[in-house]
Protein chains: 2
Amino acid sequence: MYMQFDEAKNKFIQTWGALGSQWGINKTMAQIHALLMISPDALSMEEIMDELRISRGNTSMNLRSLIDWGIVFKEYKAGERKEFFAAEGNIDELARKIAKERSKREIKPTLRVLKDVSGIDTKDSTKAAHFKAKTEELYDFVSRADNMLEKITEQKENWITKTIFKLMS
Amino acid sequence: MYMQFDEAKNKFIQTWGALGSQWGINKTMAQIHALLMISPDALSMEEIMDELRISRGNTSMNLRSLIDWGIVFKEYKAGERKEFFAAEGNIDELARKIAKERSKREIKPTLRVLKDVSGIDTKDSTKAAHFKAKTEELYDFVSRADNMLEKITEQKENWITKTIFKLMS
DNA sequence: TTAATGTTTCAATAATTTTTGAAACTTTAA
DNA sequence: TTAAAGTTTCAAAAATTATTGAAACATTAA
């Protein structure tokens, strides 16, 4: 009876985990997130451990990361002592937070380095001149892309729809 | 005299490598790409090995991957028997190829799974109904994002500038 | 042909990253 | 207070991923 659902649930969790690791996010972190996303109510650490068959330590550390990213929240239930965890329910908001976080953690530091290294004095070396030109070009590109991402995601509601609409105009 | 350039070059290669691994691309692959990008002319396998201090096997395999991605090309020099390698010189084109390749390798397969799993029959189970709703919502979102990426990058020339212009309108 | 030059493959090894599990720590109820 | 319930930390182990290096393979010049 529930066979089909369990199978689908499992497939979804595995796929989300694999997608995560292809994008530099650890598999367990992505799996916990997947599990919480499809769960109608908040889950305890025990429930997460049991469902994914992972250790308490692993669960604890990855939940902390998810909370740091701002895409999972702690919840408390009346009369219950333990903590429960729930995922950000709004997908637009989820995407916005991920975009913001990756920009902060990866793009911004890269931009800083690009700016630094493109500042060399080229004197009369062809190689250095080429290096300077390329890294400047890269800075410019990455910087624009980062601005674009910011622009796209700063509109709070339904930014994908709005953006596609603009792109078609 | 060239000290400053060498330092900058090294820093750039290391940073590009680190960025690569954060995005699921192997470090060496990203480093080779960085080296070729800033090199005014095509390099031989020997030169790449020496510069990055990596083995022949590693160099060979990662060059093949870069060629598979379509962002590095083989070149032949008159009178020289060996092969030389050069990176895609146009950054817009580079970004387009990366976007296209990641869509094909990661987003499209994920969409297929999302479509599959959201097809379950929910009967009277609340959990299954919630699962179906969430995965459908996710399918919708990812699918729109993928379309958006396609739309943005299908314009060949200077798509970033054009897109930002549209977004500001 | 064959020797020289160059490239690819892949099993073994190394490096890195993830995961475990148990001890330390924290909080709360009694 | 203390014991019970719960959470976090982190060194060690396991799993995964990247890298080496040498043998096999390919191509070309003589």
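Quick note: numbers below take in every heavy atom, side chains included, and nothing from hydrogens, waters or symmetry partners.
Here the C1' atom of nucleotide C:dG6 and the CD1 atom of B:Ile48 are 14 Å apart, to the nearest Å. When rounded to the nearest whole Å, the span between CD of B:Glu75 and C1' of C:dG6 equals 18 Å. The CG-P distance, from B:Leu66 to C:dT7, rounds to 16 Å in whole Å. Rounded to a whole Å, the OH atom of B:Tyr76 is 11 Å from the C1' atom of C:dG6.
Under the side-chain hydrogen bond (donor to acceptor under 3.5 Å, both in side chains) criterion, B:Lys9 pairs with B:Glu51, not counting sequence neighbours.
For the 3.5 Å distance criterion, the side chains of B:Asp6 and B:Asn10 fail to qualify, holding no donor opposite an acceptor. For the residue pair A:Gln31 and A:Thr28, no side-chain donor N or O sits within less than 3.5 Å of a side-chain acceptor on the partner. Residues A:Lys100 and A:Thr153 bring no donor and acceptor atom of their side chains to less than 3.5 Å of each other. A donor and an acceptor atom, one from each side chain of B:Asp92 and B:Asn158, are nowhere located under 3.5 Å apart.
Nearest approach of B:Ala87 to B:Val72, heavy atoms of both residues: CA-CG2, 4.1 Å.
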Which protein N or O atoms sit under 3.5 Å from an N or O of nucleotides 3-7 of chain D?
residue : atom : partner : partner atom : Å
D:dA5   : O4'  : A:Arg81 : NH1          : 3.4
D:dA5   : N3   : A:Arg81 : NH2          : 3.0
D:dT7   : OP1  : A:Glu83 : N            : 3.1
D:dT7   : OP1  : A:Glu83 : OE1          : 3.4

Do any N or O atoms of the protein come closer than 3.5 Å to N or O atoms of nucleotides 17-19 of chain C, and which pairs are they?
residue : atom : partner : partner atom : Å
C:dT19  : OP1  : A:Thr28 : OG1          : 2.9
C:dT19  : OP2  : A:Thr28 : OG1          : 2.6
C:dT19  : O5'  : A:Asn58 : ND2          : 3.4

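Figure legend: B:Arg102 and A:Trp23 shown as a cation-pi pair, the cationic atom lying under 6.0 angstrom from the six-membered ring centre and within 45 degrees of its axis.
A donor-acceptor pair is defined here as one N or O able to donate and one able to accept, closer than 3.5 Å; no such pair exists between the side chain of A:Arg144 and the backbone of B:Ile160.
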